[in-house]
Amino acid sequence: MNHSLEVRNLHVSIDGQAILKGFNLTVPKGEVHALMGPNGTGKSTLAKVMAGHEDYTVESGEVLLNGVNILGQEPDEISHAGLFLAFQYPMEIPGVSIANFIRAAKQARLPEGEEINAIEYYKDLYAKMDALKMDRKFTARSLNEGFSGGEKKRCEILQMAMLDPKYCVMDETDSGLDIDALRIVSEGVNHMRSENRAFLVITHYQRLLDYIVPDVVHVMFDGRIVHSGDKELAKELESKGYDWVKEAFATASA
Amino acid sequence: MNTSLETSTKTLSAKEPSWLAERRSAGLDQFKNLAMPTARAEEWRFASVGKLSIDNFNPVAAPSSATLDALTERSNLVSDRAGLMVYVDDAPANFECIGRELAKQGVIYLPISEAVEQHPELMEKYFLQESTELGSQKFFGLHAATVKAGAVLYVPKGVEIEKPFVNYYWTSGSRAAVFPHTLIIAEDNSKASVVDIFFSETEENEALNISVSNIHAGANAQVFRKVVQDWNEKTVSFQLDTTVADRDAQVKNVAVNIGAQRARFENQTRIEGAGADVKMYSLTVAEGAQEFDQRTFQTHNAPNAVSDLLYKNALLDKSRTIFSGLIKVAEGSQQTDAYQTNRNLLLDPSADANALPGLEILANDVRCSHGATTGNVDKEELFYMMQRGIPQRVAMQLMVFGFFEEVIEKIDSEELVENLRQLIHQKFSSKIS
């Protein structure tokens, strides 16, 4: 079996407008890859398409988890296949508590007729909340409703930790975080790094990568990856700015 | 129904005091003289009145004792209670009377017929004296003429009872017409809680319900009434409920509407004392071809009072809901806070939610608001939940429970809440796909 998240020659459009234009990427298990690039270059589109969002039209290409194409599957099937998307803007779900929400997500992974063990579930939930420095009282609060930016992102990491996915796609997890929240969130992610898990960290800023140190950094521009390198590439981008990317690769992609 | 009506009214009246016989007779006249509602009447706007037929239903003979026992057994939503009454097709099935301690304090909890015999003055003052004026006067007349089943709760001044009184009204027989009645009189500084539950024996027994409930809350009294309506979908139901709140009274109504083929619900609240605070909460799960028709009227006849109404409806399939509410603030009722909110969640594009909110304000220093919103399931919320691996059907259920949570959390009993969740869950576990 191929232990990787692999995107092959992906072309995606929305309302007739091409957004991803031959996107290729392979993230093997055990590695953390960062995907950087200017706004409007298709990073969030990539994340949503991989998770099965229905608004996008896949013109061609594949997204493979362990060698199996997941495009065309329902979002819950993709989730069960092992892909987790930490949202840039997590939705607020009024009246649905964090505890019940995560419980429903875990329950959905059990075979028909098998019930989740409530005692173990709460033990696990509380331990992970403690690690993320989340108040245990949050379990009873409506999911993301009235949460600050930092609380929402911590809640995303909590869900990720509870669902134990093999492929984690994190979309702009650093946006809206102060430095303390950034450190806590990064610790949560680093704690989950393992040989059996791959991360794709989508970010606009290099700052996050000081905390979550990537194995590979990709630069995305105009719907595809235009340049890849090691962690130093992120620093280079930071100092030169995205204008450098535009100048260097605009001609190439034209 | 008309043929046997005169006789049954006369039979009832024969053993009753004259004031009651007169009220029955007036009710009968009202029923006969008023025309059936038409779709043209504003009070019945959007309702499918053409399908409204009450002719095929009649009061039926008392069910077998086996049926009475079986349904008493099933009357188990609330185990911790101060008293219990169970009726089946308006026949008494079970009665757990109040304990000696409450009786000593002067609390009365009796079936209507016994209350009329034992406390005629109290009953003359309160029984059949309040009715909604929202379009169902004809049906109220029929209720007054024929009512024999129901619970009377009287709580004297200063007596506080924490545990609820629980009344079950079942239908069982073929094409049974039932006329349940709950009368709650809470004197000054008293506290009482009542749960009224409407159930059908099977999914198939056709029935007509015309029920009336009247709450009289004295000065600084606290009354909490919960209503669970889960008739089968062969039932046509009219629930005509009123509340009269005196000075500083606090009244809370929570209605859970699940059943019936067509359910007309009228609620009229009169604030007669300064500082009163009346809350009206309702949640409705509509599915199939069900129609829930809700008409409300909040009247403020005194200053510094609060009335707050929140009705939430979730609609599946081709179901329909109608909400029509009016707030009226009388001249001189300054510093009134009156709110009316109707929220509809459409889970199917062919469902139909209608809202007619209204205000009539004759005072100049008030805070009033009314609003109605109708929305669909949020696609992005659904995507978010499904991304976590939750199947669409379960995600929709979670969203509906989330939508209702604001109302469910008003119910103070864990046991009842859990039982209600089960009822709602059963209702649409097979429906949302």
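Within every chain, numbering begins at 1; the chains are lettered A, B, ... in the order of the sequence lines, protein sequences first and strands thereafter.
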[X] atom [atom1], neighbour heavy-atom count above 12 within 6.0 Å:
X: A/Ile119; atom1: CD1; answer: no
X: A/Asp15; atom1: CG; answer: no
X: A/Glu114; atom1: CD; answer: yes
X: B/Glu409; atom1: CD; answer: yes
X: A/Lys166; atom1: NZ; answer: yes

Quiz item: Can you say whether A/Pro90 sits under 4.5 Å from chain B via the side chain, the backbone, both, or neither, judging by heavy atoms?
Solution: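 Looking at A/Pro90, backbone and side chain both touch chain B.
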Practice problem: Give, as side chain, backbone, both or neither, the part of A/Leu85 having an atom under 4.5 angstrom from any heavy atom of chain B. | Solution: both
Quiz item: Hey, are B/Arg388 and A/Asp76 close enough for a salt bridge, meaning a charged N less than 4.0 Å from a carboxylate O?
Solution: no
Quiz prompt | Pick from A/Glu156, A/Lys48, A/Lys106 with the largest number of heavy-atom pairs that fall under 4.5 Å of chain B | solution = A/Glu156
Going from [atom1] on [X] to [atom2] on [Y], what distance comes out if it is rounded to the nearest 0.5 angstrom?
X: A/Asn100; Y: B/Glu405; atom1: CG; atom2: CD; value: 8.5 Å
X: B/Glu406; Y: A/Ser142; atom1: CD; atom2: OG; value: 9.5 Å
X: A/Arg109; Y: B/Ile390; atom1: CZ; atom2: CD1; value: 8.5 Å
X: A/Met50; Y: B/Gln387; atom1: CE; atom2: CD; value: 10.0 Å

Exercise. For residues A/Pro75 and B/Phe383, report the shortest heavy-atom separation together with the two atoms involved.
Key: CG-CD1, 3.9 Å
Quiz item: What closest approach, in Å, do B/Pro391 and A/Ala108 show between heavy atoms, and which atom pair accounts for it?
Solution: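 Result for this residue pair: CD-CB, 3.8 Å.
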Practice problem: Would you check, one step at a time, whether the test ring-ring contact (aromatic ring centres under 6.0 Å, His included) holds for B/Tyr384 with A/Tyr89? | Solution: CA-CA 10 Å; B/Tyr384 182 69; A/Tyr89 303 111; over 10 Å; no
Practice problem: Please assess B/Asp378 against A/Met91 for the test side-chain contact (heavy atoms from CB on, under 4.5 Å), listing each intermediate value before the final yes or no. | Solution: CA-CA 10 Å; B/Asp378 186 306; A/Met91 300 304 298; 4.2 Å; yes
Quiz item: Among A/Glu77, A/Glu74, A/His53, which one satisfies side-chain contact (heavy atoms from CB on, under 4.5 Å) with B/Met386?
Solution: A/Glu74
Exercise. Find out whether B/Lys379 and A/Glu54 are in side-chain contact, i.e. whether some heavy atom of one side chain is under 4.5 Å from a heavy atom of the other.
Key: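 The answer is yes, as the side chains (C-beta and beyond) meet within the 4.5 Å cut-off.
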Quiz item: Taking it one step at a time, do A/Leu143 and B/Glu381 satisfy side-chain contact (heavy atoms from CB on, under 4.5 Å)?
Solution: CA-CA 11 Å; A/Leu143 186 65; B/Glu381 286 180 23; over 6 Å; no
